[in-house]
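Only one structure is covered here, and it is reproduced in the block below.
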Amino acid sequence: MPLLSPQDEQVLTKHLSAMEKRVEVVLFSQAIGGGESGVVAKQVLDEVARLNDKITIVEKNFILDLDDRAKYGVDKSPAIVILSDGHYTRMRMFGAPTGYEFVGLVEAILIAGTGRVDLEEKTLEMLATVDKPTHIQVFSTPT
Amino acid sequence: MAFTSEHITSSAIEATEFMDLSRRFRVTGVPKTVVNDTIEIMGALPEDMFVRAALQMQPEEHDGEEDRAL
């Protein structure tokens, strides 16, 4: 059964039409010991990718694809890494992207696909001063 | 923020799926933000406050009035 309703698809298709760049969504999951969330993540991503041909899903095996895990700092699964025109955006998600996380997924795809962020000028100035590795983890729940 | 700065990496984490991590960072409510494993921000803040808290920057002065008063 699809997770997205026809109405959801219609709204999303409209939003995603602003995309100009190719977006690769890299999904790390595991068949053994991975639970159901990897399967849900794959279904969500497939349904979103169907709505715009600039979105491609790339599947990686969390157990076997160690080089890719190291490249993107993936230490748990399922994990989603967003690439924009082949470049790593440093935007990652861990867990199935449902509920509020789904909104985050769509926003990340839109940022990667348009190259634009919706941030205030003052924020951009502050971000330009960052010169040390900074890891921001945001915890949320589906509901 | 991660897309804008090459020094920033972001991780959106489904808290109930990674309970060990949630326990480690004492996630008792969401959203909760943890920066470099040390700075903790509870709840959703206005953009300016969030960025200043996350990057450990001082709150903005009021048009430098304090400076002029000196």
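Residue numbers begin at 1 in each chain, while the letters A, B, ... track the order of the sequences.
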Same apolar cluster: A:Val25 and A:Val81, side chain cutoff 4.5 Å: no
Validation row: A:Ile136, B:Thr33 side chains within 4.5 angstrom (heavy atoms): yes
Mutual orientation of the aromatic rings belonging to B:Phe18 and A:Phe94 [parallel < 30°, tilted 30-60°, perpendicular > 60°]: perpendicular
Contact origin within A:Leu105 toward chain B - heavy atom pairs under 4.5 Å: neither
Portion of A:Asp118 that has a non-hydrogen atom of chain B nearer than 4.5 angstrom: backbone
Nearest heavy atoms of A:Lys122 and B:Asp48, plus distance in Å: CG-OD1, 4.1 Å
B:Leu55, part contacting chain A, at a heavy-atom distance under 4.5 Å: side chain
Part of B:Met1 lying under 4.5 Å from any heavy atom of chain A: both
Minimum heavy-atom distance between A:Gly95 and B:Glu14, given as atom pair plus value: CA-CB, 4.0 Å
Atom of B:Glu17, atom of A:Pro78 and distance for their closest heavy-atom approach: OE2-CD, 3.3 Å
B:Glu40 atom CD, over 12 foreign heavy atoms within 6.0 Å: yes
Contact origin within A:Thr98 toward chain B - heavy atom pairs under 4.5 Å: neither
Selection from A:Met91, A:Met126, A:Lys132, A:His87 maximising heavy-atom pairs under 4.5 Å formed with chain B: A:Met126
Contact leader toward chain A among B:Ile13, B:Asp37, B:Leu21, B:Val30, where contacts are heavy-atom pairs under 4.5 Å: B:Ile13
Interatomic distance, B:Phe3 atom CZ to A:Glu107 atom CD [nearest 0.5 angstrom]: 13.5 Å
Option from A:His135, A:Gln137, A:Arg90 for which side-chain hydrogen bond (donor to acceptor under 3.5 Å, both in side chains) with B:Ser11 holds: A:His135
B:Pro31 vs A:Phe139 side-chain heavy atoms within contact, under 4.5 Å: no
Interatomic distance, A:Thr141 atom OG1 to B:Lys32 atom NZ [nearest 0.5 angstrom]: 14.0 Å
Heavy-atom side-chain proximity of A:Glu120 to B:Val51 below 4.5 angstrom: no
Hphob cluster co-occupancy, A:Leu83 + B:Ile8, side-chain heavy atoms under 4.5 angstrom: no
Smallest separation among heavy atoms of B:His7 and A:Val130, with atom names: CD2-O, 3.0 Å
Interchain contact, A:Tyr100 with chain B, by part (heavy-atom threshold 4.5 Å): neither
Contacting region of A:Pro97 [heavy-atom separation from chain B under 4.5 Å]: neither
same_hphob_cluster(A:Leu45, A:Ile55) at 4.5 Å side-chain heavy-atom cutoff: yes
Approximate separation, where rounding is to 0.5 Å, of B:Glu6 CD and A:Thr89 OG1: 13.5 Å
4.5 Å side-chain heavy-atom contact, B:Thr9 and A:Tyr72: no
Among B:Thr16, B:Val34, B:Ile39, B:Thr4, residue most engaged with chain A (heavy-atom pairs, under 4.5 Å): B:Val34
Shortest non-hydrogen separation from B:Asn36 to A:Pro133 and the atoms involved: ND2-O, 3.4 Å
Same apolar cluster: A:Ile80 and A:Val23, side chain cutoff 4.5 Å: yes
Point-to-point distance, once rounded to the nearest 0.5 Å, from CD of B:Glu47 to CG of A:Leu119: 5.0 Å
Transitive ILVMFWY side-chain link A:Leu124 to B:Phe50, under 4.5 Å: yes
Over 12 foreign heavy atoms within 6.0 Å of CD, A:Glu125: yes
